[in-house]
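Atoms within each ligand, like the ligands themselves, are counted from 1 in listed order. Residues take their numbers from the sequence shown, with the count starting at 1. Every heavy atom of this structure was used, including side-chain atoms; hydrogens, water molecules and symmetry mates were not.
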Amino acid sequence: MGEFDLIARFFTRPVRRAALGVGDDCALLSVTPGMQLAVSSDMLVEGRHFFADVNPAHLGHKALAVNLSDLAACGAKPLAFTLALALARVDEPWLQAFAGGLLALADAHGCELVGGDTTGGPLNICVTVFGEVPAGQALLRSGARVGDDIYVSGTPGEARLALDALRGRVALPPAGLAQLRPRLEQPTPRVALGLQLRGVASSAIDVSDGLLGDLGHILKASGVGACVDASAATDLLAASAHSIRDTGTFDTQTLMQCALAGGDDYELVFTAAPTQRDAVQAAAQASGTRATRIGRIEAAPGLRVVDGAGQALAQRFASFDHFA
Ligand code: ADP
Ligand code: MG
């Protein structure tokens, strides 16, 4: 099968919203008046972002999910995406499964595949998403204000716990691993929550490299500091871990590292004024996503991590950096 047959068979679909999809030199998107286009790219590289033997349907899901997560963090509604793909060989069952996982998530979000590029080479997947947000209403990293509450969605650390179990670093029974593994391989982008947080949150970011590290980007962009209660985030993970392994307990250090610095969560970390507490919980409820208050924005620069009793924690929580 040649390049163009491959594109036609696996990646060409009729478009409904885009003015022009796959097949010409460019795709054409009609932009709704008064809206801004939100654009983001994320690349997945074999051996670095996923294991070579990962289920291709899950890989297709994740390639789009991590991009939709960026739209979620901006409060943007998904519209369309492109797919740039380097493939070592044409493996039809693999491509079928990959496209299946990718396009199922795309359909669930009304996000159309409108173009891309296909080439030979080590397996590498780059998706670019396009979304829209009313002009001036995007959630930015720079909007946090002193006194704002800090929240995280979902249960941070589950993806990292699954990764550690796959690497044999923590013991999980097969049923427990089966329960956590989708959090690593098929993350749920918090698009619905992001949309509900427009006009409610003052800033937002999605957690790809670790909760505290990504929160640090908000602090830097906003020119503020923060105090975070490590136990608030760790308790969420402890409850989830307990429900999947009823014999024995995980040590708190492991859970804390996973929750605060694990990465690959694709949860949202966001800030909102204390006057918005009810609105935040209404947004969480409307989107079927838990939002937990984990700290407060402060004027003093830097990030202070405390335990449930307010005592400062000494250890560092380094988040993931490809070049550190
Ligand atoms: P060009 O040479 O003009 O860049 P290509 O021959 O690479 O165009 O691609 C032909 C068409 O197929 C274009 O519309 C392009 O967007 C689309 N396309 C190529 N690869 C993919 C892919 N992996 N997924 C979706 N569309 C693709
Ligand atoms: Mg061209």
>> Does any N or O of ligand 1 fall below 3.5 Å from an N or O anywhere on G23, backbone included?
In response: yes
> Is the backbone N or O of L184 less than 3.5 Å from a side-chain atom of D264, with the two atoms forming a donor-acceptor pair by type?
Replying inline: no
>> Tell me whether F4 reaches ligand 1 (any heavy atom closer than 4.0 angstrom to a ligand atom).
In response: yes
> Which other residues belong to the hydrophobic cluster containing V280, where Ile, Leu, Val, Met, Phe, Trp and Tyr are joined when side-chain heavy atoms lie under 4.5 Å apart, directly or via other members?
Replying inline: L139, Y151, L193, L197, V200, L268, F270
>> Under 4.0 Å between a side-chain nitrogen and a carboxylate oxygen: does that hold for E267 and R183?
In response: yes
> Relative to the heavy atoms of V22, which atoms of ligand 1 are at a distance of less than 4.0 Å?
Replying inline: 12 (O), 14 (O), 17 (C), 25 (C), 26 (N)
>> Between R296 and E298 (salt bridge meaning N to carboxylate O under 4.0 Å), is one present in this structure?
In response: yes
> Short list, please: which atoms of ligand 1 are under 4.0 Å from a heavy atom of D24?
Replying inline: 13 (C), 14 (O)
> With distance as the sole criterion, is a donor-acceptor pair present between the side chains of S202 and D148 under 3.5 Å?
Replying inline: yes
> In terms of side-chain geometry, is the basic nitrogen of R190 or D265 positioned less than 4.0 Å from the acidic oxygen of its partner?
Replying inline: no
>> Check this for me - ligand 1, E3, N or O atoms closer than 3.5 angstrom, yes or no?
In response: no
>> Heavy-atom pairs closer than 4.0 Å: do any link ligand 1 to the side chain of L83, the backbone, both, or neither?
In response: both
>> Need the ligand 1 atom indices (1-based, order shown) with element for anything under 4.0 Å from a heavy-atom of F11.
In response: 23 (N), 24 (N), 25 (C)
> What residues form a salt bridge (charged side-chain N to carboxylate O under 4.0 Å, His left out) with D91, not counting sequence neighbours?
Replying inline: none
> Just which atoms of ligand 1 are under 4.0 Å from any heavy atom in D25?
Replying inline: 3 (O)
>> Going by the closest heavy atom to atom 15 (C) of ligand 1, which one wins out of C126, G116, A99?
In response: G116
> Which atoms of ligand 1 have any heavy atom of D117 under 4.0 Å away?
Replying inline: 7 (O), 19 (C), 20 (N), 21 (C), 23 (N)
> What atoms of ligand 1 come within less than 4.0 Å of a heavy atom belonging to T118?
Replying inline: 19 (C), 20 (N), 21 (C), 22 (C), 23 (N)
